[in-house]
Student: 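Right, I'll just put the structure down here and ask away after.
Side chains included, hydrogens not; waters and symmetry mates left out as well; all remaining heavy atoms used. Since the model is a prediction, treat every value here as computed from it, not as a measurement.
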Protein chains: 2
Amino acid sequence: MEPKHSHQLIIDNVTRFIDLTELEKQKYISLLTEVKVKKKAFLMQAGEVTKYEYFITKGCLKVYTLDEEGSPHISMFAVEDYWTGDMASFMTKEPSHYFIKATEDSELLGISRANYELLFQEIPKFERFYRILYQKSLISYIRRSNQGISLTAEERYIEFKRKYPNIVNRITQKDLAAYIGITPEFMSKIISKVNRM
Amino acid sequence: MEPKHSHQLIIDNVTRFIDLTELEKQKYISLLTEVKVKKKAFLMQAGEVTKYEYFITKGCLKVYTLDEEGSPHISMFAVEDYWTGDMASFMTKEPSHYFIKATEDSELLGISRANYELLFQEIPKFERFYRILYQKSLISYIRRSNQGISLTAEERYIEFKRKYPNIVNRITQKDLAAYIGITPEFMSKIISKVNRM
DNA sequence: GAAAAAAAATGAAGTAGTTTAAGACTTTTA
DNA sequence: TAAAAGTCTTAAACTACTTCATTTTTTTTC
């Protein structure tokens, strides 16, 4: 039987780092939950305790917090082949500070807290998978948190375009501004300036 | 026989997340290399390929890059019971962009790339240890990279003092400025303002 | 496909943080 | 322990970015 496209995607993602037998693949898939989110709908909201970590098989979502003034700060855009969620809340079982909202109709595969633990018991190789996944994420976050502090807004925009050419055209300028960390007005000025260059 | 203080420290750190038998502890210790760095000496410099990941048993070091203008940007201060190094270079074997310099006479335990891999073969539980270690680091980096973008310099200073009261008094204002992401002059103004409040 | 809602562009006035320069204080080194 | 080197403070002029207000353009909704 042909595997579903979404299952094939997540298996490809995992087997980039570890090998799995057919049986292990089936076992893994059986621990996942399919989720669909319509554009503008929330996958999760601040105040809730995160029940799942997600892998995106289709669409685009934004992960953000609201500051005291109610302004959004986007920490990531998640598209196909990305992992997302709020790991802090997922691990500590404390209420999340994040919202995750679909910016396009999206499809995801979620793993619950219980199944995440079960996964490590049943297929210990997944400790290695997550070790490598987190290690790579850590490397890119370390880089980003330095850039956030050392580059100007214009440089951060150019860097974002270079690094995520496939994302930049799928999101609004307003959301991009909330990611870069500036006002939509200044984002507009930067974009028109950079395009004139 | 009494274990060395430095060995006890690293074993305590590891056994916070995983259990180890006496034999496993000895095996682990045997894979580590002791390193001492005098104040102002480099543990590593940009351009080198990182050979070790380090655990600090004594002292304080700063991890930083230099931008095009030659200004330092400090990404972390590492003190006792912290892990440090350049994971990107350690993993990819590409030359590092980082400098690590001791701000006090320091002592570390290093694990080489070869021994790091060997460790996973000999004691697979360490995949779990590093999975959890990286997961926790990731959570704090995600938080920091949001703060870098959404807080003012003054708020970042207050947050640093709150979070690392034991570090703030061990470093110079100049280095703190290079961490917060502002000039030493503006750091001086912030500190005198905050102290007046 | 018209009306409503949201996003983007533009400009003027304000604030957070930089630059440069000079003097006071502290630490390092011989 | 004196000299040198580095760190900290203060202030004035400057730049990156914000705020607020208005208009135009694009997207959504019925």
Side-chain angles (χ1 to χ4, degrees), chain A residues 37-41 59-60 62 64 66-74 77 101-105 146-161 167-197, chain B residues 37-41 60 62 64 66-74 77 101-105 147-161 167-197:
Chain A
V37 205
K38 286 257 169 222
K39 181 169 179 171
K40 291 192 181 172
C60 181
K62 56 184 176 187
Y64 64 97
L66 295 179
D67 64 21
E68 308 82 48
E69 286 102 45
S71 312
H73 295 275
I74 295 179
F77 297 102
K101 194 177 197 173
T103 64
E104 302 173 359
D105 290 354
N146 284 324
Q147 285 181 352
I149 276 171
S150 67
L151 303 184
T152 64
E154 183 175 324
E155 290 167 328
R156 276 177 271 150
Y157 166 63
I158 291 170
E159 182 62 16
F160 183 84
K161 250 175 72 168
I167 295 184
V168 81
N169 298 313
R170 289 168 78 170
I171 58 178
T172 62
Q173 268 178 227
K174 204 185 165 194
D175 279 347
L176 183 52
Y179 176 88
I180 298 276
I182 55 174
T183 58
E185 292 89 340
F186 194 52
M187 186 79 254
S188 169
K189 279 171 201 169
I190 287 176
I191 290 177
S192 75
K193 183 187 164 201
V194 170
N195 289 343
R196 258 183 284 114
M197 296 200 307
Chain B
V37 205
K38 286 255 169 222
K39 182 169 180 171
K40 291 192 182 174
C60 182
K62 56 185 176 186
Y64 64 97
L66 294 180
D67 64 21
E68 308 81 49
E69 286 103 43
S71 313
H73 295 274
I74 295 179
F77 297 101
K101 194 176 197 174
T103 64
E104 302 173 359
D105 291 353
Q147 285 181 351
I149 277 171
S150 67
L151 302 184
T152 64
E154 183 175 322
E155 290 167 329
R156 275 176 272 150
Y157 166 63
I158 291 171
E159 182 61 17
F160 183 84
K161 248 175 74 168
I167 296 183
V168 81
N169 298 314
R170 289 169 77 170
I171 58 178
T172 62
Q173 269 179 228
K174 204 184 166 195
D175 280 347
L176 183 52
Y179 176 89
I180 299 275
I182 56 174
T183 58
E185 291 87 347
F186 194 52
M187 187 79 254
S188 170
K189 278 180 202 168
I190 287 176
I191 289 176
S192 75
K193 184 187 164 201
V194 171
N195 289 344
R196 259 184 283 113
M197 296 201 307

Student: Counting distance only, does the side-chain N/O of A/Arg170 pair as donor-acceptor with the main-chain N or O of A/Gly59 below 3.5 Å?
Tutor: yes
Student: Hey, what's the ring geometry for B/Phe77 with B/Phe160, parallel, tilted or perpendicular (30° and 60° as the breaks)?
Tutor: perpendicular
Student: Measure from CZ on A/Arg196 to C1' on C/dA9 and round the result to the nearest Å.
Tutor: 12 Å
Student: Which residues pass the side-chain hydrogen bond (donor to acceptor under 3.5 Å, both in side chains) test with B/Gln173, sequence neighbours left out?
Tutor: none
Student: Kindly calculate the angle separating the two end axes of the helix from C/dG1-D/dC30 to C/dA30-D/dT1, each obtained from five base pairs, and round it to 10 degrees.
Tutor: 70°
Student: Enter the distance from B/Thr152:OG1 to B/Ile190:CD1 here, rounded to the nearest 0.5 Å.
Tutor: 7.0 Å
Student: Where is the tightest heavy-atom contact between B/Gly148 and A/Ile149, given as atom of each residue plus distance?
Tutor: CA-CG1, 4.4 Å
Student: Considering only nitrogen or oxygen atoms on both sides, find all protein atoms under 3.5 Å from nucleotides 24-30 of chain D and state each distance.
Tutor:
| from | atom 1 | to | atom 2 | distance (Å) |
| --- | --- | --- | --- | --- |
| D/dT28 | OP1 | A/Lys39 | NZ | 2.9 |

Student: With a 4.0 Å limit, can you tell me whether A/Ser188 has a side-chain N or O closer than that to the phosphate oxygens OP1/OP2 of C/dA9?
Tutor: yes
Student: Using the test side-chain hydrogen bond (donor to acceptor under 3.5 Å, both in side chains), find all partners of A/Glu185 that sit at least two apart in sequence or belong to another chain.
Tutor: none
Student: Show the distances under 3.5 angstrom between N or O atoms of the protein and N or O atoms of nucleotides 17-23 of chain C.
Tutor:
| from | atom 1 | to | atom 2 | distance (Å) |
| --- | --- | --- | --- | --- |
| C/dG17 | OP1 | B/Ala153 | N | 3.0 |
| C/dT18 | OP2 | B/Thr183 | N | 3.2 |
| C/dT18 | OP2 | B/Thr183 | OG1 | 3.3 |

Student: With distance as the sole test, does A/Ser150 use its side chain to make a donor-acceptor pair with the main-chain N or O of A/Asn146 at under 3.5 Å?
Tutor: yes
Student: Got a second to check how far B/Ile74's CD1 is from B/Ile180's CD1, nearest 0.5 Å?
Tutor: 10.5 Å
Student: Could you tell me whether the side chain of A/Asp105 and the main chain of A/Lys39 form a donor-acceptor pair under 3.5 Å?
Tutor: yes
Student: Rounded to the nearest 0.5 Å, what separation is found between the NZ atom of A/Lys189 and the CD atom of A/Glu154?
Tutor: 13.5 Å
Student: Drop me the distance from B/Lys38's NZ to B/Lys101's NZ, to the nearest 0.5 angstrom.
Tutor: 15.5 Å
Student: So, taking the atom named CD1 in B/Ile182 and the one named CG in B/Leu176, what distance separates them when rounded to the nearest 0.5 Å?
Tutor: 7.5 Å
Student: Please list, by residue number, the residues of residues 169-178 of chain A whose heavy atoms come closer than 4.0 Å to an atom of DNA chain D; answer none if no residue qualifies.
Tutor: none
Student: To the nearest angstrom, how far is B/Ile149 atom CD1 from D/dC17 atom C1'?
Tutor: 14 Å
Student: What is the distance, rounded to the nearest whole Å, between atom CD1 of A/Ile180 and atom C1' of C/dA8?
Tutor: 16 Å
Student: Atom NZ of A/Lys193 and atom P of C/dG11: how far apart are they, to the nearest Å?
Tutor: 16 Å
Student: Rounded to the nearest 0.5 Å, what separates atom CD1 in B/Ile171 from atom CD in B/Glu104?
Tutor: 10.0 Å
